[in-house]
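Keep in mind that what you see is a predicted model, and the values were worked out from it rather than measured. FYI, side chains are in, hydrogens and waters are out, and symmetry mates aren't considered; it's all heavy atoms of this structure.
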Amino acid sequence: MSKLKKTQEFLQEQYLDVALIMDPAAIRLISGYSTEPHERIAALFVFPSSDPILFVPSLEEKMAREVVETENSHYTVISYADQEDPWQVLSDYLKAINNSLKRWALEKNYITIERLEALQAHFLQADFSHNLSPFINHLRLQKGVKEIELLKIAGDYADLAISIGVNALKEGVSELEVVALIEYEMKKRGILSMSFDTMVLFGDHAADPHGIPGQRTLGQNEFVLFDLGVFYQGYASDITRTVFFGQKMSPEQIQIHEVVQKAHDLALAAVKPGVKAQELDRIARNYISEQGYGEFFIHRLGHGIGQSCHEFPSIVEGNQMELIPGMCFSIEPGIYIPGKIGVRIEDCVVVTENGCELFTHAPSYID
């Protein structure tokens, strides 16, 4: 069953008149149309039994029509010009086709107060209290065969990006120079965008889990943390490798990398249907704690991945959701000693009937 059909069935079951979807990732998930409207308004309206509407700025109208025609979908495309009030255009159109839209479902984790107030001003009798976000999260949760194939290809590009970055390492090179080379080489291979800002951190800089690459240069016998991914046909990849540059690792470097690798491998081996998400976090966290580094593992074990790099669910203590086939997420334990050292190892997987399958396969580059 298509995601559009599932959305329509949800509206019917909940006795809702319309779902308003404004998150570009969710619009793409259901309609196949990719948009990045910036400050403009773009939205997808789904109704229980009638054709959906794509509402886009006029400069996107041609692209939107081409996508829905290619998909052989029965979408109505409505557009507005920059000099027009989009809420007035929207209100006039919806009231002309159906003046009884009372019960609305909105993405409460996405819509802004400003936009909600604009809707309330134009649809005075409507009830906007119904939260669509949990349904969208579950709609994104279980990937289909085609989606998994695209995630695998995105993962292959991430592996290649890691290789390019490793080969660019040399004494005196800056973090930003390596970032620039990776992204340039990805562009040459047809990748339009990375799935997030590429992270290359040297030595003590890697002790900040979400550090920002800068002019820091690479010296001998340092760790280099790569965290990167790409978008391939709307699907994301995400991988982290912490590699060694130099002649000889210190005993502390060896120990910390081995602990993180083991925690990663233990959690990965535990992935299978029926296991609770929090159990994976516990397995990795308990091992790191047993080795004396528990206070330095300061984030959740993982996050969902799909059309967004970070999406539902979180692989974290307190999440008792059971894993199911088709669920895709990251496994990324780390140890971060402030001002000194940071090591993270991350791969993304899809849950299979008996375990899991990796999307990324880059080596450790440690041996």
Do Ser100 and Asn98 have a side chain donor and acceptor closer than 3.5 Å? yes
Distance-only donor-acceptor pairs under 3.5 Å for side chains of residues 37-45, two or more places apart:
| unit_1 | atom_1 | unit_2 | atom_2 | d |
| --- | --- | --- | --- | --- |
| Arg40 | NE | Asp82 | OD1 | 2.9 |
| Arg40 | NH2 | Asp82 | OD2 | 2.8 |

Using a distance-only test with no angle check, is there a side-chain donor-acceptor pair under 3.5 angstrom linking Thr242 and Arg344? no
Applying side-chain hydrogen bond (donor to acceptor under 3.5 Å, both in side chains) to Ser34 and not counting sequence neighbours gives none
Judged by modelled atom types alone, do Asp227 and His210 share a side-chain donor-acceptor pair under 3.5 Å? no
Ser129-Arg103 side chain donor-acceptor pair, cut-off 3.5 Å: no
Just by distance, do the side chain of Ser79 and the backbone of Val56 share a donor-acceptor pair under 3.5 Å? no
Is a side-chain N or O of Arg216 found less than 3.5 angstrom from the main chain of Ser174, in a donor-acceptor match? no
Is it true that His205 and Glu175 share a donor-acceptor pair across their side chains at a distance under 3.5 Å? yes
Between the side chains of Glu61 and Ser58, is a donor N or O closer than 3.5 angstrom to an acceptor N or O? no
Verify, without hydrogens or angle tests, whether Asp51 (side chain) and Tyr75 (backbone) share a donor-acceptor contact under 3.5 angstrom. no
Does any donor atom in the side chain of Ser330 or Glu332 lie under 3.5 Å from an acceptor atom in the other side chain? yes
Do side-chain atoms of Arg241 reach the backbone of Ile345 as a donor and acceptor pair under 3.5 angstrom? no
Looking only at side-chain N and O atoms, does Thr35 offer a donor or acceptor that is under 3.5 Å from a partner on Glu60? yes
For Arg285, enumerate each residue passing the salt bridge (charged side-chain N to carboxylate O under 4.0 Å, His left out) test, keeping only those at least two apart in sequence or located in another chain. Asp281
How about Tyr80 and Phe55: are their ring centres within less than 6.0 Å of each other? yes
Glu183 versus Thr198, side-chain donor and acceptor atoms under 3.5 Å: yes
Taking the ring of Phe296 and the ring of Tyr336, is the distance between their centroids below 6.0 Å? no
Keeping Glu279 on the side-chain end and Lys276 on the backbone end, is there a donor-acceptor pair under 3.5 Å? no
Given Lys95 and Phe123, is the side chain to side chain contact (heavy atoms under 4.5 Å, CB included) satisfied, shown in steps? CA-CA 9 Å; Lys95 289 176 180 178; Phe123 299 92; 4.1 Å; yes
Compute whether any side-chain donor of one residue and acceptor of the other, for His130 and Asp127, lie under 3.5 angstrom apart. yes
Side-chain donor-acceptor pair under 3.5 Å between Glu290 and Asn286, yes or no? no
Without hydrogens or angle criteria, can the side chains of Asp347 and Thr360 be said to hold a donor-acceptor pair below 3.5 Å? yes
Taking the six-membered ring for Trp and the single ring otherwise, decide whether the centroids of Phe312 and His138 are under 6.0 Å apart. yes
